[in-house]
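In what follows, a structure is listed as structure tokens, so that the remarks can point back to it.
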Amino acid sequence: MNVFAWILGIILAAGFGVLGATKVVGLDPNRVRLGYSKRQFQLIGLSEVAAAVGVIIGVVSTKLEWVGLAASVGLGTLMMGALIAHARVADDGKKIVPALVMLLVAIAYMIVVSLR
């Protein structure tokens, strides 16, 4: 795997590992504003943490790159859902940018891994 894929994978894994963990333990302040129950937000967070682990597996193991690719597809899907959730409550650009940036990082990771 090339250096660019490693960098993108580390960004995805670190970002979603932390963001997902904050949702799982209930420290993310966006839950109520976005209209999710505590259980729904915990499941979203658990999905983010699981995908972060999948990306790490894909980055570390050349034989399991497909795991990282699948995890990044899942993260991209989650971020599209996040963009929809933000649009639903009419969030301004500052609140939408993190989800958009992480979607773009997930897409970039998918492309780099797929072209290898």
Side-chain angles (χ1 to χ4, degrees):
M1 182 173 289
N2 67 35
V3 175
F4 194 52
W6 270 84
I7 292 169
L8 292 170
I10 290 168
I11 292 169
L12 283 175
F16 282 105
V18 170
L19 293 172
T22 60
K23 288 178 181 79
V24 169
V25 297
L27 296 177
D28 192 310
N30 296 309
R31 178 183 67 81
V32 174
R33 183 178 49 77
L34 293 173
Y36 290 102
S37 71
K38 183 178 179 180
R39 182 60 139 186
Q40 288 170 322
F41 226 51
Q42 287 176 324
L43 290 173
I44 291 168
L46 188 60
S47 298
E48 290 174 348
V49 171
V53 170
V55 169
I56 291 169
I57 290 169
V59 167
V60 173
S61 175
T62 55
K63 292 182 179 182
L64 296 174
E65 282 182 346
W66 65 271
V67 174
L69 183 60
S72 66
V73 170
L75 289 173
T77 304
L78 275 170
M79 288 304 92
M80 287 189 280
L83 290 171
I84 291 167
H86 285 290
R88 190 181 68 226
V89 296
D91 275 344
D92 62 0
K94 289 189 294 186
K95 292 183 178 157
I96 294 174
V97 167
L100 182 60
V101 168
M102 293 308 279
L103 172 62
L104 295 175
V105 172
I107 291 169
Y109 179 84
M110 288 179 233
I111 292 169
V112 169
V113 171
S114 296
L115 293 178
R116 198 173 110 63

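We use all heavy atoms of the structure for the numbers below, so side chains are in, but hydrogens, waters and symmetry mates are not.
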### Task
Without swapping roles, check the side chain of Ser114 against the backbone of Met110 for a donor-acceptor pair under 3.5 Å.
yes

### Message
I need the full list of ring pair (Phe, Tyr, Trp, His ring centres under 6.0 Å) pairs touching residues 29-63, with sequence neighbours left out, sorted by first then second residue.
### Response
Tyr36-Phe41

### Task
Please answer: with hydrophobic residues joined when any side-chain heavy atoms are less than 4.5 Å apart, are Val53 and Leu43 in the same cluster?
no

#### Entry: Phe4 side, atom CZ; Tyr109 side, atom OH - distance, nearest 0.5 Å
12.0 Å

### Task
Treating Ile, Leu, Val, Met, Phe, Trp and Tyr as nodes and any side-chain heavy-atom pair under 4.5 angstrom as an edge, say whether Met80 and Leu78 lie in one connected cluster.
yes

### Message
Is there a continuous path of hydrophobic side-chain contacts, each under 4.5 Å between heavy atoms, that joins Val18 to Leu12?
### Response
no

### Task
Show which residues join Leu19 in its hydrophobic cluster (side-chain heavy-atom contacts under 4.5 Å, direct or indirect), or state none.
none

### Message
Side chains of Phe16 and Val105, heavy atoms from C-beta outward: is any pair under 4.5 Å?
### Response
no

### Task
Only pairs at least two apart or in different chains count here, so list each salt bridge (charged side-chain N to carboxylate O under 4.0 Å, His left out) that has a residue in residues 75-95.
Arg33-Asp91

### Summary
Under a side-chain separation threshold of 4.5 Å, the hydrophobic residues clustered together with Val32 are none

#### Entry: Pairs meeting criterion salt bridge (charged side-chain N to carboxylate O under 4.0 Å, His left out) with involvement of residues 13-29, two or more places apart
Lys23-Asp28, Lys23-Glu48

### Task
Flag yes if Ile44 and Leu83 sit in one hydrophobic cluster, no otherwise; membership is Ile, Leu, Val, Met, Phe, Trp, Tyr, and two members link when side-chain heavy atoms are under 4.5 Å apart.
yes

### Query
Listed by chain and number, what are the side chain to side chain donor-acceptor pair (under 3.5 Å) partners of Ser37, not counting sequence neighbours?
Gln40

### Query
How many angstroms lie between atom CD1 of Ile7 and atom CG of Asn2, to the nearest 0.5 angstrom?
9.0 Å

### Closest non-hydrogen atom pair, Ala5 against Val112
CB-CG1, 3.5 Å

### Query
Same cluster or not: are Ile107 and Val59 linked, directly or through other Ile, Leu, Val, Met, Phe, Trp or Tyr residues, by side-chain heavy atoms under 4.5 angstrom apart?
yes

Pairs under 3.5 angstrom only: tabulate donor-acceptor contacts from the side chains of residues 96-103 to other protein residues two or more places apart or in another chain.
none

### Task
Just jot down the side-chain contact (heavy atoms from CB on, under 4.5 Å) partners of Leu115, sequence neighbours excluded, or say none.
Ile111

Could you pull out every donor-acceptor pair under 3.5 Å between side chains of residues 67-75 and any protein atom, sequence neighbours left out?
from  : atom 1 : to    : atom 2 : distance (Å)
Ser72 : OG     : Gly68 : O      : 3.4
Ser72 : OG     : Leu69 : O      : 2.7

### Message
Does anything in residues 54-87 form a ring pair (Phe, Tyr, Trp, His ring centres under 6.0 Å)? List the pairs, not counting sequence neighbours.
### Response
none

